[in-house]
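Notes to accompany the following structure.
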There are 2 protein chains.
Amino acid sequence: MDRSKNQLRQHMQKAGHSLTKPRLAVFAALQDQEPQTMRRLIAACPSIDRASIYRTIALFEKLGIVQRLQIGWKYKLELTDSFSRHHHHLTCLKCGRVIAFDESTELIKELRWVAAHNRFKIRSHQLEIQGLCESCRKD
Amino acid sequence: MDRSKNQLRQHMQKAGHSLTKPRLAVFAALQDQEPQTMRRLIAACPSIDRASIYRTIALFEKLGIVQRLQIGWKYKLELTDSFSRHHHHLTCLKCGRVIAFDESTELIKELRWVAAHNRFKIRSHQLEIQGLCESCRKD
DNA sequence: CATAAATTGCGACAAATTTGCAATTAATAG
DNA sequence: CTATTAATTGCAAATTTGTCGCAATTTATG
């Protein structure tokens, strides 16, 4: 908990930004629930202005601390692999439940091949599977 | 071109909807550029009301004709595999260029394994790789 | 062609996101 | 520790994006 806070401070300072109270609050809310919606983020930081939260998210994104995911209809936010364990998502189209899963080495090989073939330098990747979860299938 | 239009008409009629002029225009704009933004979609159909475009996209999504992707900061829209060749994306974080690529059978195997393991029934999936394209790497 | 149902455009709303700027806070030199 | 400077915040207003109700229009059908 304090470890990741220090990591965050270090990461930001290296980029020339300070770890302020609002930024720390947003970070904590992202750790608290993953993936996170903007709405919940705002609700989770009642003493912080909406505009600051948007600005913080934009900064975190630029610094590679946060990434957006398209989950179902709306986007959600989540810490990147440097600040959270790397994983992907299964999303239930019916109930909206989100299940995280790890990727295989096979997948990584595939990504590397694709990137090399397109002369791309990989920074990150996301995989999302949409479908019906166990309980929603029974309909 | 007319083939896909007929396919669309058939698909919609089966679901009890008609292929009207606004819907056809939205479909054409989606074929024209992929992935497509809402803003461009609205601009591409100047004679059609914004609300109708939103309603059309919502309907297309429900009928499995269109899907949303999170590419970069904003979401984008694209025809699903039934109406466009199945593929994934490489997105350049610097210039925003989007390159499509095909998936391997290895990836599909992986997805099936993950789904089975979580008792999920797969409906669709998306993979996005973010990084730097060939020309943007040179910095 | 007549009728019923589906769909559209329009205008008003509501929600989400962005911006300018004055006030506050953080980093740093002295 | 205090003064100074630069970064950051809160606030209010503006913009953009997405939604809704409803009358007018279009489409499907008998």
Side-chain angles (χ1 to χ4, degrees), chain A residues 5-6 8-30 33 35-63 65-78 96, chain B residues 5-6 8-30 33 35-63 65-78 96:
Chain A
K5 177 176 159 184
N6 283 334
L8 175 64
R9 163 165 286 126
Q10 211 171 352
H11 190 103
M12 298 199 66
Q13 283 187 341
K14 200 163 60 184
H17 296 275
S18 45
L19 183 51
T20 61
K21 200 170 60 151
R23 287 169 184 169
L24 195 51
V26 168
F27 185 75
L30 287 167
Q33 182 151 28
Q36 184 64 281
T37 64
M38 240 327 158
R39 187 188 281 252
R40 268 197 314 241
L41 212 52
I42 291 170
C45 309
S47 67
I48 294 164
D49 193 77
R50 252 204 326 269
S52 299
I53 295 180
Y54 279 105
R55 283 186 285 230
T56 297
I57 290 297
L59 178 66
F60 280 5
E61 233 246 332
K62 199 179 70 175
L63 300 184
I65 296 165
V66 154
Q67 67 188 130
R68 285 192 185 210
L69 310 172
Q70 191 68 37
I71 293 197
W73 191 237
K74 310 259 185 180
Y75 76 87
K76 292 196 174 133
L77 301 163
E78 153 175 301
Chain B
K5 176 177 157 182
N6 281 336
L8 175 63
R9 164 165 286 126
Q10 212 171 351
H11 190 102
M12 298 199 65
Q13 283 185 341
K14 199 163 60 184
H17 297 276
S18 44
L19 182 52
T20 62
K21 199 169 60 151
R23 286 168 185 172
L24 195 51
V26 169
F27 185 74
L30 287 167
Q33 183 150 27
Q36 184 66 279
T37 64
M38 241 325 160
R39 188 187 279 252
R40 269 199 313 246
L41 211 53
I42 292 170
C45 308
S47 66
I48 294 164
D49 193 78
R50 216 152 31 102
S52 298
I53 294 179
Y54 279 105
R55 281 186 287 229
T56 296
I57 290 296
L59 179 65
F60 279 4
E61 234 245 333
K62 200 179 67 175
L63 300 184
I65 295 166
V66 155
Q67 67 188 128
R68 287 193 182 205
L69 310 171
Q70 191 67 36
I71 292 196
W73 190 234
K74 308 264 185 179
Y75 74 87
K76 293 195 173 126
L77 301 163
E78 151 175 302

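Chain letters run A, B, ... following the sequence lines, proteins first, then strands; residues in each count from 1. Keep in mind that this is a model prediction, so the values were computed, not measured.
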- Item | Contact under 4.0 Å: B:Tyr75 side-chain N or O vs D:dG18 OP1/OP2 | yes
- Message: In whole Å, I'd like the distance from the CD1 atom of B:Ile48 to the P atom of D:dT25.
- Response: 18 Å
- Task: To the nearest Å, give me how far apart NZ (A:Lys21) and P (C:dA26) are.
- Result: 8 Å
- Among the candidates C:dC21, C:dT18, C:dG9, find the nucleotide nearest to the side-chain atoms of A:Arg55. C:dC21
- Mapping B:Lys74 and B:Asp49 onto DNA chain C by nearest heavy atom, which one lands closer to the 5' end? B:Asp49
- Task: Nearest whole angstrom, please: distance from the C1' of D:dA7 to the NZ of A:Lys62.
- Result: 13 Å
- Task: Starting at atom CD1 of A:Ile53, determine the distance to atom P of C:dA16, rounded to an integer number of angstrom.
- Result: 13 Å
- Message: A side-chain contact here means heavy atoms from C-beta on lying under 4.5 Å apart; do B:His17 and B:Arg23 qualify?
- Response: yes
- Query: Is any side-chain N or O of B:His17 closer than 4.0 Å to OP1 or OP2 of C:dT7?
  - Reply: yes
- What's the CG-P distance between B:Leu24 and D:dT27, to the nearest Å? 12 Å
- Where each residue is assigned the nucleotide of DNA chain D containing its nearest heavy atom, which of B:Arg68 and B:Leu19 is assigned the position nearer the 5′ end? B:Arg68
- Item | Whole-Å distance separating the CG atom of A:Leu63 from the P atom of D:dA7 | 15 Å
- Touch check for A:Ser47, heavy atoms < 4.0 angstrom, all strands: base, sugar-phosphate only, or nothing? sugar-phosphate
- Task: Please determine if a side-chain N or O atom of A:Thr20 lies less than 4.0 Å away from the OP1 or OP2 oxygen of D:dT8.
- Result: no
- Heavy atoms of B:Glu78 and B:Pro35 approach each other most closely as OE1-CB, 3.9 Å
- Note on the structure: Checking C:dG9, D:dC11, D:dT19 against the side chain of B:Tyr54 (C-beta onward), the nearest is D:dT19
- Atom CD of B:Gln13 and atom C1' of C:dT7: how far apart are they, to the nearest Å? 15 Å
- Message: I want to verify a distance call: between D:dT9, D:dC20, C:dT18, whose nearest atom is closest to the B:Trp73 side chain?
- Response: C:dT18
- Any chance you could measure B:Gln67, atom CD, to A:Gln70, atom CD, to the nearest 0.5 Å? 10.0 Å
- With the side chain defined as heavy atoms from C-beta on, B:Arg39 is closest, among C:dT8, D:dT17, C:dC10, to D:dT17
- Message: Using the side-chain heavy atoms of A:Met38, tell me which of these nucleotides is nearest: C:dG11, C:dA12, C:dT17.
- Response: C:dT17
- Message: Using the side-chain heavy atoms of A:Arg23, tell me which of these nucleotides is nearest: D:dT8, C:dT17, D:dT16.
- Response: D:dT8
- Message: Check the phosphate of C:dT25 against A:Ser18, side-chain N and O only, distance under 4.0 Å to OP1 or OP2. Yes or no?
- Response: no
- Message: Does A:Leu77 form a side chain to side chain contact (heavy atoms under 4.5 Å, CB included) with A:Glu61? I'd like the steps, not just the answer.
- Response: CA-CA 10 Å; A:Leu77 301 163; A:Glu61 233 246 332; over 6 Å; no
- Message: Does B:Gln10, at its CD atom, have more than 12 non-hydrogen atoms belonging to other residues, nucleotides or ligands within less than 6.0 Å?
- Response: no
- Nearest to the side chain of B:Arg50, which nucleotide is it out of C:dG9, C:dA12, C:dT17? C:dA12
- Message: Tell me the closest heavy-atom pair linking B:Leu41 and B:Ile57, and the distance in Å.
- Response: CD2-CD1, 3.6 Å
- Per nearest nucleotide of DNA chain D, the residue lying toward the 5' end, B:Arg9 or B:Ala51, is B:Ala51
